[in-house]
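Just so it is clear: chains get the letters A, B, ... in the order the sequence lines come, proteins before strands, and each one is counted from 1.
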Protein chains: 2
Amino acid sequence: MLISELSKRTGLSTHTLRYYENYGLFKGVTDEKVKTNNYKQYDESLVEKLELIKEAKEIGFTLSEIKKLLDSWFSKRLSVEKKVEILETKIKEIDGKIHQLKQVRKFLVEGIEDVRKGDC
Amino acid sequence: MLISELSKRTGLSTHTLRYYENYGLFKGVTDEKVKTNNYKQYDESLVEKLELIKEAKEIGFTLSEIKKLLDSWFSKRLSVEKKVEILETKIKEIDGKIHQLKQVRKFLVEGIEDVRKGDC
DNA sequence: TTAAAGCATAGACTATACTCTATACTTTCA
DNA sequence: TGAAAGTATAGAGTATAGTCTATGCTTTAA
């Protein structure tokens, strides 16, 4: 598919998609058979990949972190052990974030009680 | 305490603290009795407040969101019901974030299995 | 008492992640 | 066939959240 369809499918603007592509998060390919233009084709699988990128961004990962994760994931020069290690590190980070969210949540729940009691 | 002590206590640079103060997240007071300078005094309670701000930032809240939350919290013109409503909305947001984190976590756990099986 | 360190304010600069504009070429469709 | 819409590239502009520098005054400690 071309970029405008990818845009429709993912909900990301063509600007953002090009920004991500230049950033190195994914790559479109120009069809060698077509000589008249250099339009890039984007693979179906990119839709899912971009959904993951969106999700990762929303939970606070930077593009740089996402890139590192994707690079290691699809890299052929990394050993299985190294890949697993990178993923496990990220999982620990996520667990840390969940813990922090629960902390703040607790704080807000207490806040509601304080407000109800008229403590502030 | 003065700004440098607040900086030491919170781990935030004086630059960042001044930025936050200008942003309206808190306020220091100049001692009216001292005429020679306009040094600002920061209250003990700010240490805890700033810890909360740090935590809220780490879990992805923007300064704007944090400001709104603090403003409503300490506002006298808001009704108890309105305050509770604002807090409950934030709690729902946090629950949403926890859900997203768990999604991505699941994805990464599956990723480890794929890597171990040699699927990528 | 004077040099060093601290304080305040203002404004410039930086990084991240877009977002928009300009230009030029290509495709599509009435 | 020609206007509208799509594509590519480059570069400028924006918002957020700092971070740094300059200037000038104040306090502190040798």
Side-chain angles (χ1 to χ4, degrees), chain A residues 1-43 46 49-71 93 97 100, chain B residues 1-43 46 49-71 93 97 100:
Chain A
M1 70 186 92
L2 293 177
I3 197 156
S4 64
E5 198 187 332
L6 187 61
S7 169
K8 265 178 219 143
R9 299 278 297 276
T10 59
L12 295 165
S13 73
T14 56
H15 294 299
T16 300
L17 289 173
R18 291 208 167 97
Y19 177 76
Y20 284 179
E21 182 167 6
N22 285 330
Y23 196 95
L25 295 183
F26 62 88
K27 266 232 146 311
V29 284
T30 49
D31 192 338
E32 292 300 316
K33 281 166 285 179
V34 180
K35 305 283 185 193
T36 49
N37 67 34
N38 58 337
Y39 289 9
K40 282 182 190 145
Q41 289 291 334
Y42 298 94
D43 195 67
L46 280 184
K49 190 175 183 178
L50 282 162
E51 285 304 325
L52 177 69
I53 290 171
K54 279 166 71 178
E55 201 111 20
K57 268 195 53 55
E58 270 169 56
I59 65 173
F61 286 120
T62 63
L63 292 188
S64 156
E65 288 172 311
I66 294 167
K67 183 166 156 45
K68 262 181 220 147
L69 200 56
L70 292 173
D71 281 355
E93 273 175 49
K97 278 179 195 244
Q100 277 185 309
Chain B
M1 72 186 91
L2 295 177
I3 197 156
S4 64
E5 199 187 333
L6 187 62
S7 169
K8 265 177 216 143
R9 299 278 296 277
T10 58
L12 294 166
S13 74
T14 56
H15 293 299
T16 300
L17 289 172
R18 290 208 168 97
Y19 178 76
Y20 284 0
E21 183 167 5
N22 285 330
Y23 196 95
L25 294 183
F26 63 88
K27 266 234 145 312
V29 283
T30 49
D31 192 337
E32 292 299 316
K33 282 165 286 182
V34 180
K35 304 282 183 194
T36 49
N37 67 35
N38 58 337
Y39 289 8
K40 281 181 191 146
Q41 290 290 334
Y42 298 94
D43 195 68
L46 281 184
K49 189 175 184 178
L50 282 162
E51 286 303 325
L52 177 69
I53 289 171
K54 279 166 71 177
E55 202 111 19
K57 267 197 54 55
E58 271 169 55
I59 65 173
F61 285 121
T62 62
L63 292 188
S64 156
E65 288 173 311
I66 294 167
K67 183 164 156 47
K68 261 182 223 150
L69 200 56
L70 292 173
D71 281 354
E93 273 176 47
K97 278 179 194 246
Q100 277 185 308

Is [X] close enough to [N] that one of its side-chain N or O atoms is under 4.0 Å from OP1 or OP2 there?
X       : N      : result
A:Lys40 : D:dT9  : yes
A:Asn37 : C:dC25 : no
B:Thr16 : D:dT19 : yes
B:Lys57 : D:dG18 : yes
A:Tyr20 : C:dC18 : yes
A:Arg18 : D:dT9  : no

Spacing between [X] atom [atom1] and [N] atom [atom2], to the nearest angstrom:
X       : N      : atom1 : atom2 : answer
A:Tyr19 : C:dA15 : OH    : C1'   : 9 Å
B:Tyr23 : D:dA15 : OH    : C1'   : 10 Å
A:Leu6  : D:dT7  : CG    : C1'   : 14 Å
A:His15 : C:dT16 : NE2   : P     : 22 Å
B:Leu25 : D:dA17 : CG    : C1'   : 11 Å

request  = Tell me which nucleotide among D:dA17, C:dC18, C:dT27 gets nearest to the side chain of A:Thr36.
outcome  = C:dT27

ask   = Which angle, rounded to 10°, do you find between the first-five-pair axis and the last-five-pair axis of the helix from C:dT1-D:dA30 to C:dA30-D:dT1?
value = 0°

task = Look at all strands and tell whether A:Thr14 reaches a base, only sugar-phosphate, or nothing, counting heavy atoms closer than 4.0 Å.
result =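 Since no nucleic acid heavy atom lies under 4.0 Å of A:Thr14, the category is nothing.
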
request  = Could you tell me whether the side chains of A:Glu21 and A:Tyr42 share a donor-acceptor contact shorter than 3.5 Å?
outcome  = yes

